[in-house]
There are 2 protein chains.
Amino acid sequence: MRLAARRRPDAGPPAIGTVRRFAAHQTIYAEGEPATHCMLVIHGVVRSCSSFADGRRFVSAFYAAGDMFGFERQQAYPAAAEAVVETALVLYPAPDWPAFLHAPDSLSRQILSALMLSTEQARGHARLLGRLSAIEKMATFLLEWRERSNQSTLISLEMPRQDIADHLGLTVETVSRCLSQLKRDKVIGLRSSRHLDLLDVAMLRAIRG
Amino acid sequence: MRLAARRRPDAGPPAIGTVRRFAAHQTIYAEGEPATHCMLVIHGVVRSCSSFADGRRFVSAFYAAGDMFGFERQQAYPAAAEAVVETALVLYPAPDWPAFLHAPDSLSRQILSALMLSTEQARGHARLLGRLSAIEKMATFLLEWRERSNQSTLISLEMPRQDIADHLGLTVETVSRCLSQLKRDKVIGLRSSRHLDLLDVAMLRAIRG
DNA sequence: CGGCTAATTGACTTTAATCAACTACAGTGG
DNA sequence: CCACTGTAGTTGATTAAAGTCAATTAGCCG
């Protein structure tokens with residue numbers, strides 16, 4: 001079904017798109033599939049992940065409400081996108097992208113800016129993976145997630161530990177041990193395994209370095 | 001001095017730019033400096049690197065002849081750029097970028113494509129850092145460098161071991177041990193520490209996975 | 001309640017980092 | 001020309017960090 005996308009004053013280009021809903025764990029697109037659309041998250045959480053022949057997995061990014069993803073060169077998506085929880089997206093057809101560039105200057109700047117931002121974020125993540133310890137990675141991840149939760153001190157990690165591990169280049173056990181240590185040190189509190197209080201943000205920043 | 005950039009039919013946008021030369025180890029721009037230009041490498045090798053307060057360092061990418069870099073959002077470059085060896089660049093002023101977008105469709109597609117490619121490469125590198133072992137990282141690095149050397153079996157690594165280590169998230173010692181092992185196994189040959197023969201590309205691919 | 005998956009915890013192993021010594025080599029000046 | 005210096009690279013011994021394997025606990029949904 002094709003619908004006019006709701007106009008959101010602050011997020012994404014005001015183009016016409018298709019709204020689609022995905023159930024938790026549903027695949028949005030597979031690795032290697034033709035890159036036909038880019039997407040804007042309305043609500044929910046999406047993970048972008050790629051798999052190795054031997055079963056290893058890597059989660060390159062998580063996307064939450066307001067984030068765009070799927071801007072891809074070529075015919076093939078380099079990684080799969082999967083809904084972590086129940087999710088709604090607006091899909092913009094790929095052939096429209098170049099047309100965006102002829103839109104008013106402020107809009108083309110926004111698109112350029114979004115693309116540059118995604119490169120910057122990917123490099124920042126590479127830096128984390130290449131040079132931070134397990135506990136530093138964990139602190140960085142929690143602080144990042146806090147920013148997306150409007151700086152709230154209570155954050156909700158929608159994804160399982162395995163996804164966090166595959167995003168930070170760790171194992172589930174190490175993720176679990178880091179969280180336990182932070183809890184023991186009263187830096188965080190665990191209401192449930194996916195809902196946690198950041199009790200000492202200053203300490204988290206100190207750990208992150 | 002301002003010169004008309006040489007027109008190269010296959011590389012980069014055919015705009016007017018400034019040619020500049022940099023000596024080995026010279027800083028092209030510093031971390032945090034206003035992002036005034038993007039650059040095209042004419043010859044030489046550039047590393048993009050960021051430093052931590054405690055001295056750790058991370059090299060997010062190397063750029064060789066034909067590569068563009070420095071397309072950055074905002075006022076500040078997120079990482080420094082340094083010439084690894086004697087290098088020549090064409091500099092394009094930042095304010096011209098949005099103007100590029102009004103260029104013919106094929107050109108705006110090229111710019112989009114270049115930006116998407118850099119994101120894709122950064123994510124690919126994150127994947128390597130997050131999930132590969134030391135020897136797998138090393139094999140991947142050598143194969144990548146081979147592609148840039150026109151598939152030649154004799155490759156010239158212009159950078160010191162420390163740069164490779166900081167790019168792959170390893171220590172110099174580990175880089176050295178991996179290379180020694182590959183040499184022992186007759187996968188590579190070392191003419192000098194920075195000039196090596198890829199004796200068994202198939203084996204390198206097998207190691208990379 | 002029972003059966004499932006997710007998460008935690010502990011014991012032990014592996015990988016790569018650290019620390020330290022040594023080698024190779026390029027550049028400098030006697 | 002050759003010692004002297006300094007940097008880059010290699011190698012070995014040991015340690016530390018995170019991974020692996022295994023057992024247990026906590027939540028969830030029928």
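Computed from a predicted model, the values in this text were never measured in an experiment. Letters A, B, ... mirror the listed sequences (proteins, then strands); counts begin at 1.
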Is A:S193 close enough to C:dA7 that one of its side-chain N or O atoms is under 4.0 Å from OP1 or OP2 there? yes
Rounded to whole Å, please give me the gap between NZ in A:K137 and P in D:dA17. 14 Å
Can you tell me if the side-chain N/O atoms of B:T174 get under 4.0 Å from OP1 or OP2 in C:dA16? no
Starting from P on C:dA16, measure out to CD on B:Q181 and report it in whole angstrom. 10 Å
What distance separates A:S180 OG from A:E173 CD, expressed to the nearest 0.5 Å? 12.0 Å
Output the rounded distance in Å from CD (A:E173) to C1' (C:dG10). 11 Å
Between C:dA6 (P) and A:L190 (CG): distance, integer Å: 18 Å
If I take atom CD from residue A:Q181 and atom CD1 from residue A:I188, how far apart are they, to the nearest 0.5 angstrom? 10.0 Å
Under 4.0 Å: is that the gap between some side-chain N or O of B:R177 and OP1 or OP2 of D:dG12? no
To the nearest angstrom, how far is A:R191 atom CZ from D:dG27 atom P? 15 Å
Quick one: B:I135 CD1 to C:dA17 C1', roughly how many Å, whole number? 17 Å
Answer with base, sugar-phosphate or nothing: what part of the nucleic acid does B:S176 contact at a heavy-atom distance below 4.0 Å? base
Verify the contact: side-chain N or O of A:S192 to OP1 or OP2 of D:dG27, cut-off strictly under 4.0 Å; return yes or no. no
Return the orientation label for the A:F62 and A:H167 ring planes: parallel under 30°, perpendicular over 60°, tilted otherwise. perpendicular
Do A:R123 and B:F58 meet the cation-pi criteria used here (NZ or CZ under 6.0 Å from the six-membered ring centre, within 45° of the axis)? no
Atom pair distance, as rounded to whole Å: NE2 in A:H195 and P in C:dA6: 17 Å
Between D:dT7 atom C1' and B:Q162 atom CD, what is the distance in whole Å? 12 Å
N or O in side chain of A:T171 less than 4.0 angstrom from D:dG19 OP1/OP2: yes
If you look at every strand shown and take non-hydrogen atoms under 4.0 Å, does A:L170 touch a base, only sugar-phosphate, or nothing? sugar-phosphate
Considering just the side-chain nitrogens and oxygens of B:R194, establish if one lies under 4.0 Å of OP1 or OP2 belonging to D:dA8. no
Using a cut-off of 4.0 Å on non-hydrogen atoms, how would the nucleic acid contact of A:S133 be classed: base, sugar-phosphate, or nothing? sugar-phosphate
Among A:Q26, A:H25, A:R47, find the one that has a side chain to side chain donor-acceptor pair (under 3.5 Å) with A:E82. A:R47
